[in-house]
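Input: a single structure, listed below in structure tokens.
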Amino acid sequence: MNFLFTDLAIFSPFTSHTKGHISYYVTENEGEDQAVFTGDTLFIAGCGKFFEGTAEQMHQSLCVTLGSLPKPTRVYCGHEYTVKNLQFALTVEPENTKLQQKLSWAQHQREAGLPTIPSSVAEELETNPFMRVDLPEIQEKVGCKSAVEAIKEIRQRKDQWRGPLL
């Protein structure tokens with residue numbers, strides 16, 4: 001399949017994965033076929049480690065910059081970590097049925113040797129705990145009073161997490 005893109009926006013959200021990290025936002029000439037290539041900043045149901053930046057910068061990157069893209073925008077990330085990320089996300093929101101459904105789907109995809117990428121901005125806003133930190137209920141679940149505190153806490157928990165208990 002060939003695409004002719006007439007609009008290419010390259011932006012460097014204030015990412016905290018690495019200082020030189022950039023994302024590419026691409027739209028078709030009609031503006032109907034958007035995609036964002038996020039590398040290691042935004043993963044499906046996750047985000048990159050804060051190697052060279054802060055929780056404030058990651059919040060800006062994920063929740064403000066990427067979160068404000070049109071909801072149908074397809075999200076292409078740099079690695080296939082979806083199943084593990086969804087398993088972790090369920091430790092933050094075990095009652096989130098969209099997470100449960102997406103994990104089941106992702107497990108089936110991987111068992112069949114198929115990718116789980118792309119996602120969409122809309123799906124990430126429903127299932128990615130790092131993009132849901134502006135919600136008071138997420139802040140409360142992780143014992144925080146602000147979105148920035150919550151993203152920092154969730155990232156610390158993810159850094160320590162060793163996988164689901166079997």
Side-chain angles (χ1 to χ4, degrees), residues 11-23 36-69 71 73-111 114-166:
F11 55 91
S12 180
F14 303 102
T15 132
S16 57
H17 181 66
T18 62
K19 289 180 182 175
H21 206 87
I22 62 173
S23 295
V36 64
F37 297 85
T38 60
D40 291 354
T41 297
L42 172 64
F43 292 112
I44 309 308
C47 75
K49 292 183 179 184
F50 303 175
F51 285 129
E52 296 178 341
T54 66
E56 291 87 357
Q57 290 169 325
M58 189 61 89
H59 178 263
Q60 176 73 31
S61 295
L62 297 180
C63 300
V64 178
T65 304
L66 295 171
S68 68
L69 293 175
K71 304 305 180 250
T73 302
R74 290 184 317 277
V75 175
Y76 292 89
C77 57
H79 301 281
E80 178 65 76
Y81 298 152
T82 306
V83 170
K84 289 286 187 195
N85 286 345
L86 289 164
Q87 290 169 336
F88 171 76
L90 281 168
T91 71
V92 177
E93 285 189 279
E95 73 291 340
N96 183 329
T97 56
K98 299 255 186 209
L99 270 173
Q100 295 165 4
Q101 293 165 354
K102 189 156 183 172
L103 175 58
S104 177
W105 170 83
Q107 288 170 326
H108 285 96
Q109 288 289 104
R110 298 308 298 146
E111 288 167 6
L114 298 172
T116 62
I117 301 164
S119 181
S120 70
V121 169
E123 287 179 67
E124 293 309 301
L125 291 170
E126 294 177 333
T127 60
N128 189 323
F130 298 97
M131 291 188 74
R132 294 171 57 75
V133 295
D134 288 320
L135 300 172
E137 57 268 28
I138 300 299
Q139 295 170 22
E140 185 178 319
K141 286 177 184 294
V142 297
C144 296
K145 297 185 186 291
S146 74
V148 172
E149 287 176 20
I151 204 167
K152 182 177 181 181
E153 174 65 26
I154 295 169
R155 183 68 252 177
Q156 288 172 341
R157 290 183 185 190
K158 179 71 162 73
D159 291 345
Q160 300 300 314
W161 187 71
R162 296 295 170 246
L165 299 174
L166 301 176

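Hydrogens, waters and symmetry mates play no part in the numbers below; they use all other heavy atoms, side chains included.
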Just how far is it from atom CD1 of I151 to atom CD of Q139, taken to the nearest 0.5 Å? 11.0 Å
Sequence neighbours left out, cut at 3.5 Å: what donor-acceptor pairs do the side chains of residues 87-95 make with other protein atoms?
unit_1 : atom_1 : unit_2 : atom_2 : d
T91    : OG1    : F88    : O      : 2.6
E93    : OE1    : N96    : ND2    : 3.3
E93    : OE1    : R132   : NE     : 2.8
E93    : OE2    : R132   : NH2    : 2.9
E95    : OE1    : K141   : NZ     : 3.3
E95    : OE2    : K141   : NZ     : 2.9

Sorted by chain and residue number, the side-chain hydrogen bond (donor to acceptor under 3.5 Å, both in side chains) partners of H108 (sequence neighbours excluded) come out as none
With sequence neighbours left out, the residues meeting side-chain contact (heavy atoms from CB on, under 4.5 Å) with E153 are V142, C144, Q156, R157
Only counting residues at least two apart or in another chain, list the ones meeting side-chain hydrogen bond (donor to acceptor under 3.5 Å, both in side chains) with K158. N85
When rounded to the nearest 0.5 angstrom, what distance separates CD1 in I44 from OG in S120? 8.5 Å
Side chain to side chain contact (heavy atoms under 4.5 Å, CB included) for V148 and M58? Distances and angles first, verdict last. CA-CA 9 Å; V148 172; M58 189 61 89; over 6 Å; no
Rounded to the nearest 0.5 angstrom, the CD1-CE distance for I138 and M131 is 13.0 Å
Those residues at least two apart in sequence (or on a different chain) that pass side-chain hydrogen bond (donor to acceptor under 3.5 Å, both in side chains) with R110 are none
Could you pull out all residues at least two apart from C63 that satisfy side-chain contact (heavy atoms from CB on, under 4.5 Å)? H59, V133, D134
By side-chain contact (heavy atoms from CB on, under 4.5 Å), P118 pairs with (sequence neighbours left out) R74, Y76
Report the residues that fulfil side-chain hydrogen bond (donor to acceptor under 3.5 Å, both in side chains) with T116, sequence neighbours left out, ordered by chain and then residue number. E80, T82
